[in-house]
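See structure below.
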2 protein chains.
Amino acid sequence: MLILATAKMDTHQSNRTDIQSDLEGASCCTPVSSPLTERELAVDVRALSAIGNDTRYEALRIVAAAENDVCVCELEPALGVTQGAISQALSRLYGAGLVTRRKDGRWRYYSATPRAERLLDVLDETREVDDE
Amino acid sequence: MLILATAKMDTHQSNRTDIQSDLEGASCCTPVSSPLTERELAVDVRALSAIGNDTRYEALRIVAAAENDVCVCELEPALGVTQGAISQALSRLYGAGLVTRRKDGRWRYYSATPRAERLLDVLDETREVDDE
DNA sequence: TGCTAATATTAGCATAGGCTAATATAAAAC
DNA sequence: GTTTTATATTAGCCTATGCTAATATTAGCA
């Protein structure tokens with residue numbers, strides 16, 4: 001059965017009715033459906049799209065590599081974008097469940113969540129850099 | 001482009017490079033730099049941003065869940081987008097090193113790479129779906 | 001009180017992204 | 001050959017994204 005594609009506000013999403021079941025046969029086309037629920041998909045995509053950006057990925061890397069937690073100002077020189085951009089980046093990582101944050105005086109300290117750490121580990125373990 | 005921390009200093013003192021006991025006290029701002037090379041970052045971000053999209057993530061899930069490899073036409077009913085969009089999605093996943101493809105007659109069969117499988121496993125193992 | 005430092009938020013802009021529809025290619029079938 | 005089937009590619013249209021600059025908030029300090 002096919003779930004998903006409920007009320008998304010994507011105007012491009014067409015609501016195609018599928019006529020799959022009794023479509024000819026013989027060919028390769030047996031329809032499949034996603035093994036995850038809509039909510040699980042959304043959670044994962046939120047996390048992945050949060051890391052899938054240079055600034056945020058690098059920010060997360062730095063946060064995860066630090067032994068103690070990291071404050072925003074430490075990231076500014078490494079990332080090469082403005083303070084506002086870094087704040088936005090960390091907020092998004094937080095909303096995606098990839099960092100935790102803790103307030104201490106006027107500073108905000110960030111650290112990576114277990115989910116983030118595991119993902120980064122797998123990325124390290126499976127990366128193949130092609131020389132191109 | 002990736003700007004590595006130049007020794008921008010001061011504004012505050014600080015000498016905490018590896019000591020984790022004390023961190024209140026003075027300021028927090030020791031600049032750090034990314035632990036990955038520019039190329040490694042690019043490879044990872046390409047993969048992550050490829051998965052970080054509803055259509056492509058679901059496509060990858062289906063491909064990874066299938067016992068044998070999957071052809072494009074099998075995805076069409078599940079994803080709810082046009083054939084062209086699916087072809088674009090799979091191309092991008094391929095370019096990101098997340099699926100392999102093999103041609104057989106007029107069909108193209110896709111399957112997930114080890115990197116993709118490991119990432120999906122970690123996502124499954126660490127996901128926390130909040131009821132919001 | 002201020003004032004200043006650290007972070008957050010906002011508006012606005014330029015660009016990237018994702019889709020559809022149309023068209024092109026490629027391989028089998030006729 | 002021509003037709004059909006499976007997939008790829010392209011142009012074009014919107015929308016989303018990511019940044020900067022400016023402004024707002026918050027907390028310590030004079």
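A, B, ... follow the sequence lines: proteins, then strands. Residue 1 opens every chain.
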Query raised in the report: How many Å lie between CZ on B:R102 and P on C:dA27, as a whole number?
Result: 15 Å
Report task. Kindly state which residues belonging to residues 84-93 of chain B come within less than 4.0 angstrom of DNA chain C, counting heavy atoms of the residue only, listed by number. Result -> B:A85, B:Q88, B:R92
Query raised in the report: For B:S91 and B:Q88, what are the C-alpha separation, side-chain angles and deciding distance, and is it a side chain to side chain donor-acceptor pair (under 3.5 Å)?
Result: CA-CA 5 Å; B:S91 276; B:Q88 294 171 41; over 6 Å; no
Query raised in the report: Can you check side-chain contact (heavy atoms from CB on, under 4.5 Å) on B:V70 and B:Y109, steps first, answer last?
Result: CA-CA 5 Å; B:V70 173; B:Y109 289 97; 6.0 Å; no
Report summary line: In whole angstroms, the gap separating C1' of D:dA24 from CD of A:Q83 amounts to 11 Å
Requested in this report: Assess whether side-chain contact (heavy atoms from CB on, under 4.5 Å) is satisfied between A:R92 and A:S49, documenting all intermediate values.
Outcome: CA-CA 10 Å; A:R92 178 133 176 214; A:S49 62; 3.3 Å; yes
Query raised in the report: Taking atom P of D:dT17 as reference, at what distance in whole Å does atom CZ of A:R46 sit?
Result: 12 Å
Query raised in the report: Taking C-beta and beyond as the side chain, do B:Y57 and B:L120 meet within less than 4.5 Å on heavy atoms?
Result: yes
Report task. Round to a whole Å and report the spacing from CH2 of B:W107 to C1' of C:dA27. Result -> 10 Å
Query - A:T100/A:T113 under side chain to side chain donor-acceptor pair (under 3.5 Å): CA gap, chis, key distance, verdict - result: CA-CA 6 Å; A:T100 60; A:T113 64; over 6 Å; no
**Report entry** Under-4.0 Å side-chain N/O to phosphate OP1/OP2 contact, B:T82 with C:dT20
**Finding:** yes
**Report entry** Residue whose nearest DNA chain D nucleotide is more 5′ - A:G105 or A:S49
**Finding:** A:S49
Query raised in the report: Taking OP1 and OP2 of C:dA8, is either one under 4.0 Å from a side-chain nitrogen or oxygen of A:R108?
Result: yes
Query raised in the report: What is the distance, rounded to the nearest whole Å, between atom CZ of B:R101 and atom P of C:dA26?
Result: 14 Å
Report task. Take the protein atom CG of A:L48 and the nucleotide atom C1' of D:dT17, then report the distance between them rounded to whole Å. Result -> 17 Å
Query raised in the report: Mapping A:Y110 and A:R106 onto DNA chain C by nearest heavy atom, which one lands closer to the 5' end?
Result: A:R106
Query raised in the report: Is B:T55 near enough to C:dC19 that one of its side-chain N or O atoms lies under 4.0 angstrom from OP1 or OP2?
Result: yes
Query raised in the report: Over how many whole Å does the gap from B:D104 atom CG to D:dT5 atom P extend?
Result: 18 Å
Report summary line: When rounded to whole Å, the CG to P distance for the pair B:L75 and C:dC19 reads 13 Å
Query - Pairs touching residues 109-119 of chain B that satisfy salt bridge (charged side-chain N to carboxylate O under 4.0 Å, His left out), sequence neighbours left out - result: A:E125-B:R118, B:D44-B:R115
Requested in this report: Compute both the distance and the angle, then confirm whether B:R101 meets the cation-pi test with B:Y110: under 6.0 Å from the six-membered ring centre, within 45 degrees of the axis.
Outcome: no
Query - A:N53 side-chain N/O to D:dG18 phosphate OP1/OP2 under 4.0 Å - result: yes
